[in-house]
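Everything numeric in this text was worked out from a predicted model, so none of it was measured.
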Amino acid sequence: MDKDKWNQILLLGAATLGFIGLLHYRKSQNARKAIRRTTSQVRQIEKLEKILNEQKAIEHDIQRGVRAPKMLPPPEGKVFLNPLLGTGVKQDINSGRAFLPESVFNKVGGYLVADNVFSIDPASAGGSILLVKGSPRMEIVMNPKNVKAAIVTCGGLCPGLNVVIREIVMSLHFNYDTTEIYGIWNGYSGFYTEGFIKKLTPHDVVDIHTLGGTILKTSRGGWNLEKIADCIEERGFNQIYVIGGDGTHRGINALVEEMERRNLPVFIAGIPKTIDNDIPIIDKSFGFDTSVEEAQRAIDSANIEANSAEYGVGLVKLMGRNSGFIAMQASIANRNVNVCLIPESEYELSGPNGVYNYILERLKVKKHAVVVVAEGAAVSCKDEKLVMPGTDASGNPILYDIGKHLRDGIVKYCKEHGMNITLKYIDPTYMIRTVPANSGDKVLCATLAQAAVHGTFAGFTGFSVGCVAGTPCFIPIDLMISTREGKNSLPGQRRVDLEGNYMWWRLMASTGQPSFINEVKELN
Ligand SMILES: Nc1ncnc2c1ncn2[C@@H]1O[C@H](COP(=O)(O)OP(=O)(O)OP(=O)(O)O)[C@@H](O)[C@H]1O
Ligand SMILES: O=P(O)(O)OC[C@H]1O[C@](O)(CO)[C@@H](O)[C@@H]1O
């Protein structure tokens, strides 16, 4: 090799070494900066006694209308720095820690104003409500190494349950460095059933987000406060994540009070779950959108059946025990639905303006009809008494089967009026809640799960997580289970608002359906 070539190689080598050295220097400078900053924050935080800055602020801001969940002082008598705090650059590819810049953490005193977002019972409405935001906190109440967490799913299935479970495990493990994570099998009763508490690792949950159902299994009934609280105390769980609907949340509330009575520092978070979308305050419950999407397949089939027969009727029954959100939303989305019946909107079956006659008249002209009914719509039938046959293990009413009632009633009415129709009845009830979550719901599930973990570490208990006006918030469970949304709703319930919410009017506009009430009031 000639001299020039050697010189070139030497120069290139020197340049490369210089570049590596520069990178190394910058990295170590950054690390030093981060350590300097972290150390000063530790010192600052060590100055605190036994209460977080946020807790102090909230105690003061409650007079301003802040509806904050209960807060517990740090069980170990000191405050810790959130392991997520970093420089905004991920330093270590093997962990999910130390990459959030300070700006991402919740500012003390930063609340979400929720007065125009949801309507609360006018009797208890006292001006605007401020909700605590669900982002991570720089100060946390526990050393993550001393956390022993339990996750449980209760009530009916809902798309996205496995995504929430996965994300709680991943967030605890990777973001907070907590490894003592347990799954409680089969709902609340798993707390006191031999062999139903099993350790969960990231490996156990890594692929479950692609599956419907819940790997932890779920159940109704089985609520036993004493036994559940004994298990928590004996096993030393100090963070509990409960995924469930309104019944489940009432359970959380009772459990929080029991922990208080026993003087146990246990942080309990709820993640609201219901495909019915009937939980108040939050924008939307996870799994709802997926169910509405899945319902399209049933309605499309009903439409094809109806259009492929002379005088064809396609009838679909969808879930919605007390609230008709799924039926309403799925009908609006589909655009081919001619009649939609929900629990909130009264109707009569017989008479000239009744449902049966409307379908008959429509068949005479259009030759086909598509009908969607919410499973709870028997309660809004005004001219027939359709009695519920009993209650389930959790005390929820077992619904009168309005789908079969309509199926038989429509065929009979048309026959009596000289028309032989072909009616196809589709009941996709369980199919729409057992599918895996769609992408939008997966994002929502992950957001809620992470928020729940941030909330327990921030020292809150007895709270539920939900997006309100798009912002994740920590909602006190007593507020959630006492708030009514929509006319004739019970505490803790959201129902379709026929008058105030334009969705029902959109439904009427897209189906073209009348009121189905025979005696129509004259307009003034
Ligand atoms: N008022 C209550 N207090 C304590 N626990 C309750 C209460 N109501 C229900 N539970 C318990 O919560 C669990 C779930 O309740 P439920 O079956 O009513 O489902 P849910 O949470 O309302 O969800 P879904 O929307 O699927 O109905 C059950 O174990 C039930 O026993
Ligand atoms: O048949 P199960 O499991 O009791 O669940 C049915 C109920 O669950 C819900 O999906 C609520 O989660 C309701 O829509 C429905 O009435």
For [Y], does its backbone N or O pair with a side-chain atom of [X] as donor and acceptor, under 3.5 Å?
X      : Y      : answer
Glu139 : Asn53  : yes
Thr153 : Ile243 : no
Thr210 : Asp207 : yes
Thr218 : Gly155 : yes
Ser380 : Ala377 : yes
Asn162 : Ile215 : yes
Arg433 : Pro159 : no
Asp392 : Asn396 : yes
Asp278 : Arg495 : no
Asp61  : Ala68  : no

Would you give the length of the straight line joining atom [atom1] of [X] to atom [atom2] of [Y], rounded to the nearest 0.5 angstrom?
X      : Y      : atom1 : atom2 : result
Ile140 : Arg137 : CD1   : CZ    : 12.5 Å
Met328 : Glu344 : CE    : CD    : 8.0 Å
Asn253 : Leu479 : CG    : CG    : 11.0 Å
Asp283 : Leu444 : CG    : CG    : 9.0 Å
Leu318 : Gln329 : CG    : CD    : 12.0 Å
Asn82  : His454 : CG    : NE2   : 7.5 Å

Applying side chain to side chain donor-acceptor pair (under 3.5 Å) to Asn224 and Tyr192, what does each step give before you reach the verdict? CA-CA 9 Å; Asn224 185 322; Tyr192 54 85; 5.2 Å; no
Non-hydrogen side-chain atoms of [X] and [Y] separated by less than 4.5 Å:
X      : Y      : answer
Thr461 : Val266 : no
Leu216 : Ile165 : yes
Met503 : Ile332 : yes
Val141 : Phe80  : no
Ile181 : Thr201 : no
Ser285 : Lys273 : no
Leu52  : Pro74  : yes
Ile326 : Phe288 : yes

Which atoms form the tightest heavy-atom contact between [X] and [Y], and what is the distance?
X      : Y      : answer
Ala330 : Ala295 : CB-CB, 3.9 Å
Cys154 : Gly187 : SG-CA, 4.1 Å
Pro136 : Leu100 : CG-CD1, 3.8 Å
Leu200 : Trp185 : CD2-CH2, 4.2 Å
Thr456 : Ala269 : CG2-CB, 3.9 Å
Ala451 : Pro472 : CB-CB, 4.4 Å

Charged N to carboxylate O under 4.0 angstrom, [X] versus [Y]?
X      : Y      : result
Arg67  : Asp478 : no
Arg261 : Glu258 : yes
Glu180 : Lys145 : no
Glu234 : Lys148 : no

Is it true that, when you exclude Lys217 itself, more than 12 heavy atoms of the residues, nucleotides or ligands shown sit nearer than 6.0 Å to its NZ? no
With a sphere of 6.0 Å drawn around NZ of Lys107, does it hold more than 12 non-hydrogen atoms of other residues, nucleotides or ligands? yes
Here's a test for you: under side chain to side chain contact (heavy atoms under 4.5 Å, CB included), which of Ile168, Asn175, Val169 qualifies with Leu172? Ile168
Could you please spell out the steps behind the side chain to side chain contact (heavy atoms under 4.5 Å, CB included) verdict for Phe191 and Ile240? CA-CA 11 Å; Phe191 276 105; Ile240 317 269; 4.1 Å; yes
Salt bridge (Lys or Arg N to Asp or Glu O under 4.0 Å) between Arg262 and Asp230, worked out: CA-CA 10 Å; Arg262 295 185 185 205; Asp230 286 351; 2.8 Å; yes
What class does the angle between the rings of Phe460 and Phe474 fall in, given that below 30° is parallel, 30 to 60° is tilted and above 60° is perpendicular? tilted
If you apply the rule side chain to side chain contact (heavy atoms under 4.5 Å, CB included), what do you find for Ile58 with Tyr111, and how did you get there? CA-CA 10 Å; Ile58 286 176; Tyr111 304 110; 3.5 Å; yes
How about Asn143 and Glu76: does a side-chain donor come under 3.5 Å of a side-chain acceptor? no
Taking atom types as modelled, is there a side-chain donor on Arg494 or Asn277 under 3.5 Å from an acceptor on the other? yes
Could you walk me through whether Ile281 and Ser464 satisfy the side chain to side chain contact (heavy atoms under 4.5 Å, CB included) test, starting with their C-alpha distance in whole Å, then the side-chain angles of each, then the deciding distance to 0.1 Å, before giving a yes or no? CA-CA 11 Å; Ile281 303 176; Ser464 197; over 6 Å; no
So Val453 and Thr178, side chain to side chain contact (heavy atoms under 4.5 Å, CB included) or not? Walk me through it. CA-CA 11 Å; Val453 173; Thr178 291; over 6 Å; no
